[in-house]
There are 2 protein chains.
Amino acid sequence: MARRYDRGVSARPEVTLAQRKRQLVADELSEAALQLLAQKGFDGVTIDEIAATAGVSKRTFFRYFASKEDVVVQFLADMGTGMRAELAGRPEGEPPSVALRHAVWVSMAVCADRSDHAARALSVVQLILRTPALRARFLERQAQWRDELAAELGTRLDLDPDTELYPRLAAGMALTAFDTVLHRWSDSDGTADPSDLTDRTFAVLGAALDAVG
Amino acid sequence: MARRYDRGVSARPEVTLAQRKRQLVADELSEAALQLLAQKGFDGVTIDEIAATAGVSKRTFFRYFASKEDVVVQFLADMGTGMRAELAGRPEGEPPSVALRHAVWVSMAVCADRSDHAARALSVVQLILRTPALRARFLERQAQWRDELAAELGTRLDLDPDTELYPRLAAGMALTAFDTVLHRWSDSDGTADPSDLTDRTFAVLGAALDAVG
DNA sequence: AGCGCCTTGACACTGAGTGCCAGTAGCGGC
DNA sequence: GCCGCTACTGGCACTCAGTGTCAAGGCGCT
């Protein structure tokens, strides 16, 4: 998809003008959408309104985002890719519980730093968690991450994810942890420490089902 | 799922004529929808078509089901209620892993019996799992079940689900198990034994994260 | 200037989902 | 019988999400 042209002559970045333009429109749309949706609720805003605010037509909106839900969920896409990348980068012999804990922790890192970006992440997460349509789409995205994590675990442990049960279950547990941490963080309005929550969650998971703690 | 009333006679004075009529329409709609959707795909059928097949108007369809997704997902609602009921009915001192395993097993029981009903369940599950919009809604429903299971676990273990992490995590693990079993069963076209799958899944979960196997 | 390539806006269209209203069938009470 | 009361229904009009199509315009290249 993102093909790089080394023709980047005078301009510093290796991207063409058209690509940067496209990114600009995408950012503008995302900005407008998140702002309006957080303010007026998911059903209180139309696509026409979002597009108009961003200065484009409704038709153009759908050239950048597949649906109204997509523009919101897309905002958190980094979490998934970051999670998988971190897992893939973990040392080979590391036990799954540790590797997965780091993977979850990294994807929560966006929420941890004290910046505008974190504040925006909080409002987006809260919007998602209290809007059924968005929560559904977000869960679907998580299911996708789970499959990717399972695949990664499969190669790490040399287990076939289609035959063995462990990779998918372990990935599912990690995602359960992630989801729980996200909920707690959201409910605390961002005051809870994601890092601490993650550690405590994996402390329970590591000890597993029968050891209540 | 379709509630069966003894279509016998003038017994059942508890239920008025109007109520049975209403149930009849709901069954007819559900029947028509499942039939058509499984045959032509989720996007290949319109609500008008479903309603016409059931002999009612489109407007009436939406008086029985909230959305096109709802008519499908509703069909599996029993699984959730059954799961919670089984957990609530388990002996008091039983360890969570055993109680949860039974809860999951009970909700899979519908798939286990060799009848028309099981065949229908299979086609519905397969339809859901390969239709993104349905999968999303189904996952949302599962999230709801997880909250209920967590609440039930909280009372069983005398832990506050809003403070302690364990109930929600354990419920999440059970749902992960459920989802995995359902996927495997669906992928095997119903040839795999749900009971066996459940046992093997919980064998892994009980041993927990770091014990590969 | 000329030719592609990509992006855009405008228009028309389908289909989901909702609000509203008039008609009607069942179930009382009188 | 007749009169409400309630619940269910179909039809209509409407909003809005999402898609196909087409003509037009900017930009790079020769």
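Sequence lines set the chain letters: A, B, ... in the order given, protein chains first and strands last, and positions in each chain run from 1.
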**Q** Which residues pass the side chain to side chain donor-acceptor pair (under 3.5 Å) test with A/Arg156, not counting sequence neighbours?
**A**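 A/Arg156 satisfies side chain to side chain donor-acceptor pair (under 3.5 Å) with no residue once adjacent residues are dropped.
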
**Q** Write down the distance between CD (B/Glu28) and P (D/dC8), rounded to a whole number of angstrom.
**A**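 Result: 18 Å.
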
**Q** Closest-nucleotide mapping onto DNA chain D: is B/Val25 or B/Lys58 further toward the 5' terminus? I mean the 5' end.
**A**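 Comparing both residues, the 5'-ward one is B/Val25.
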
**Q** Classify the nucleic acid contact of A/Arg63 as base, sugar-phosphate or nothing, counting any heavy atom under 4.0 Å across all strands shown.
**A**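 The residue A/Arg63 makes base contact.
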
**Q** Could you say whether B/Lys21 or B/Phe61 is positioned toward the 5' end of DNA chain C, judged by the nucleotide with the nearest heavy atom to each?
**A**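 So the residue in question is B/Phe61.
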
**Q** Salt-bridge test for A/Asp196 and A/Arg200: reply yes if a basic N is under 4.0 Å from a carboxylate O, no otherwise.
**A**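 A/Arg200 and A/Asp196: salt-bridged.
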
**Q** Give one of base, sugar-phosphate or nothing for A/Thr46, where a contact means two heavy atoms less than 4.0 Å apart.
**A**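 A/Thr46: backbone/sugar contact only, no base atoms under 4.0 Å.
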
**Q** Return the value, rounded to whole Å, for the distance between atom CZ of A/Arg20 and atom C1' of D/dG26.
**A**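 So the CZ-C1' distance, A/Arg20 to D/dG26, works out to 16 Å.
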
**Q** Salt bridge or not for B/Glu31 and B/Arg120, using N-O below 4.0 Å?
**A**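 Looking at B/Glu31 and B/Arg120, the cut-off is met.
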
**Q** Touch check for B/Tyr64, heavy atoms < 4.0 angstrom, all strands: base, sugar-phosphate only, or nothing?
**A**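 Sugar-phosphate contact only.
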
**Q** Could you tell me the separation between the CG atom of B/Asp43 and the C1' atom of D/dA17, rounded to a whole number of Å?
**A**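 Value for this atom pair: 13 Å.
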
**Q** Rounded to whole angstrom units, what separation is found between the CD atom of B/Gln23 and the C1' atom of D/dC8?
**A**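 Atom CD in B/Gln23 sits about 15 Å away from atom C1' in D/dC8.
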
**Q** Does this structure show an ion pair linking B/Glu86 with B/Arg101, if we count only N-O contacts that are shorter than 4.0 Å?
**A**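 No, B/Glu86 and B/Arg101 are not salt-bridged.
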
**Q** Can you see whether A/Gln126 engages A/Asp189 through a side-chain donor-acceptor pair at a distance of less than 3.5 angstrom?
**A**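 There is such a pair between these side chains.
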
**Q** Can you measure B/Leu24 atom CG to D/dC8 atom P for me and round it to whole angstrom units?
**A**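 Rounding to the nearest Å, CG of B/Leu24 and P of D/dC8 are 14 Å apart.
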
**Q** Centre of A/Tyr64's six-membered ring, under 6.0 Å away, within 45 degrees of the axis: is that where NZ or CZ of A/Arg22 sits?
**A**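 Yes.
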
**Q** Figure out the CZ/C1' separation between B/Phe62 and D/dC16, and round it to whole Å.
**A**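 Distance check: B/Phe62 CZ to D/dC16 C1' gives 13 Å.
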
**Q** Which is true for A/Thr60 with a 4.0 Å heavy-atom rule: it touches a base, it touches only sugar-phosphate, or it touches nothing?
**A**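 Result for A/Thr60 = sugar-phosphate.
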
**Q** Would you mind reading off the distance between A/Gln19 atom CD and D/dG28 atom P, rounded to a whole angstrom?
**A**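 It works out to 13 Å between those atoms.
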
**Q** Provide the start and end nucleotides, 5' to 3', of the part of DNA chain C that has atoms under 4.0 Å from heavy atoms of chain B.
**A**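 On DNA chain C, the outermost contacted nucleotides are C/dG15 to C/dC20.
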
**Q** Before giving the answer on salt bridge (charged side-chain N to carboxylate O under 4.0 Å, His left out), spell out for B/Arg135 and B/Asp179 the whole-Å C-alpha distance, their side-chain angles and the decisive distance to 0.1 Å.
**A** CA-CA 11 Å; B/Arg135 205 172 41 208; B/Asp179 195 68; over 6 Å; no

